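Below: one structure, written as structure tokens.
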Amino acid sequence: MRAGTGRRESEGRIVILETIITTRDESGRDHIAPMGIREQDGFIVLSPFRPSATLEHVLRETCAVVNYTDDVRIFAGCLTGRYDWPTIPVKHLPCRRLAASLAHSEVKLERVEDDATRPRLYCRELARETHGAFRGYNRAQAAVIESAILVSRLNMLPQEKIDTEMAYLRIAVEKTAGPRELEAWGWLAARIEESRVRNKERSA
């Protein structure tokens, strides 16, 4: 997702963990954004693109909360203008966590590997807590995450590729989705259709 990528390095491979990052803006309001993270040499590494509100907030506040959640509506919601997700305080930082997180990590920025396009923020984990049980994989959840990534790249990918990918992902949604996944899928599909209409109007 445009927000970044999470990874655990194993046998030369980089494992990407799709998460939700919560930070706070200058006025102390929550900012919620999907972002991949990776784990490297004891750090949790965030890699937001420029420009990015998350990047701005972490550089200023030097902290963030990494939320691990299976509620894919939050990923889809953040990419379709739905940001009003409940949050609650954490113990060690002024940031807050998602109420819907199954677990969260409180992280403190230690160093920045600067880049004109996508800096790397190396954060130390101060605390990690578990709040709920992970009940198993749902193929529709993965399909929604993949479709959310497509939505984040609408201005980068040709419409034909988006349509092909969505047609394939729809199979898993139709077979395995629950109410949350169906709602999230609907938001993303509508966003793609809106983009299609706008593109047709521009080219008319």
Side-chain angles (χ1 to χ4, degrees), residues 1-8 14-23 30-39 44 46-49 52-54 64-88 90 95-105 107 128-157 161-196:
M1 240 163 273
R2 186 171 193 270
T5 303
R7 315 171 174 184
R8 213 169 291 202
I14 299 178
V15 178
I16 300 171
L17 305 175
E18 296 297 344
T19 69
I20 301 290
I21 304 297
T22 46
T23 55
D30 294 331
H31 179 76
I32 301 171
M35 181 175 296
I37 64 163
R38 64 187 176 90
E39 296 181 6
I44 289 179
L46 314 182
S47 301
F49 283 95
S52 163
T54 298
V65 175
V66 181
N67 297 271
Y68 309 95
T69 180
D70 62 355
D71 189 344
V72 293
R73 295 176 303 174
I74 303 173
F75 293 89
C78 288
L79 289 167
T80 57
R82 297 168 172 86
Y83 300 102
D84 191 20
W85 302 99
T87 62
I88 57 180
V90 296
C95 303
R96 296 165 65 89
R97 70 168 179 89
L98 289 173
S101 60
L102 297 178
H104 81 273
S105 295
V107 301
R128 181 179 297 200
E129 294 186 19
T130 300
H131 313 290
F134 175 64
R135 298 186 298 171
Y137 291 105
N138 179 331
R139 288 172 54 207
Q141 292 170 338
V144 170
I145 295 294
E146 290 298 327
S147 61
I149 292 170
L150 290 174
V151 167
S152 74
R153 298 173 181 173
L154 284 176
N155 296 327
M156 302 164 58
L157 298 174
K161 178 174 177 57
I162 293 171
D163 291 343
T164 300
E165 294 285 338
M166 288 294 286
Y168 176 74
L169 294 170
R170 187 178 294 110
I171 297 171
V173 173
E174 291 176 346
K175 287 184 176 180
T176 67
R180 295 194 306 187
E181 291 79 34
L182 287 172
E183 186 173 25
W185 177 265
W187 295 342
L188 295 166
R191 177 68 182 85
I192 290 172
E193 185 58 29
E194 289 168 6
S195 176
R196 187 199 313 278

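The model shown is predicted, which means the values in this text are computed figures rather than measured ones. All heavy atoms count here, side chains included; hydrogens, waters and symmetry mates do not.
Contact check on E183 versus R180 returns no salt bridge, with no Lys/Arg side-chain nitrogen under 4.0 Å from an Asp/Glu carboxylate oxygen.
Judged by distance alone, with hydrogens and angles left aside, the side-chain atoms of N67 form a donor-acceptor pair with the main-chain N or O of I20 at under 3.5 Å.
Summarising the geometry, atom CZ belonging to R196 is positioned 8.5 Å from atom CD1 belonging to I162; distances are rounded to the nearest 0.5 Å. Separation of atoms NE2 (H104) and OG1 (T19) is listed at 13.0 Å; rounding is to 0.5 Å. Separating the OG1 atom in T23 from the CG atom in D30 is a distance of 8.0 Å, to the nearest 0.5 Å. How far OG of S147 is from CH2 of W187: 12.0 Å, rounded to the nearest 0.5 Å. Interatomic distance, CG of L102 versus CG of D71, reported as 9.0 Å (0.5 Å rounding). To the nearest 0.5 Å, the span separating CD1 on I88 from OG on S101 amounts to 6.5 Å.
Heavy-atom minimum distance, A76 versus V144: CB-CG1, 4.5 Å. What you find for M35 and P48 is that their closest heavy atoms are CE-CB, 3.6 Å. In this structure, A148 and L188 approach most closely via the heavy-atom pair N-CD1, 3.8 Å. Closest approach of A140 and A172 over heavy atoms only: CB-O, 4.0 Å. Annotation for V90 and C95: closest pair CG2-O, 3.1 Å, computed over non-hydrogen atoms.
Under the 4.5 Å side-chain criterion, counting only non-hydrogen atoms from C-beta, R97 is not in contact with E129. Looking at T69 and F75, their side chains come closer than 4.5 Å, going by heavy atoms from C-beta outward. Residues R128 and I44 have side chains in contact (heavy-atom distance under 4.5 Å, counting atoms from C-beta outward). For the pair V65 and T87, the minimum side-chain heavy-atom distance is 4.5 Å or more. Taking the side chain as every heavy atom from C-beta outward, L169 and W185 approach each other to under 4.5 Å. For the pair E165/E146, no side-chain contact is recorded, criterion being any heavy-atom separation below 4.5 Å from C-beta on.
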Inset, instruction - Determine, step by step, whether Y68 and S105 satisfy the side-chain hydrogen bond (donor to acceptor under 3.5 Å, both in side chains) criterion, reporting the C-alpha distance in whole Å, the side-chain angles of both residues, the deciding distance to 0.1 Å, and the verdict. - result: CA-CA 8 Å; Y68 309 95; S105 295; 3.1 Å; yes
Inset, instruction - Quick one: do M166 and L150 satisfy side chain to side chain contact (heavy atoms under 4.5 Å, CB included)? Show the steps, please. - result: CA-CA 8 Å; M166 288 294 286; L150 290 174; 4.0 Å; yes
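When each of E181, Q141, R139 is checked for a side-chain contact (heavy atoms from CB on, under 4.5 Å) with T176, only R139 meets the rule.
Within a 6.0 Å radius of CZ in F134, other residues, nucleotides and ligands contribute more than 12 heavy atoms.
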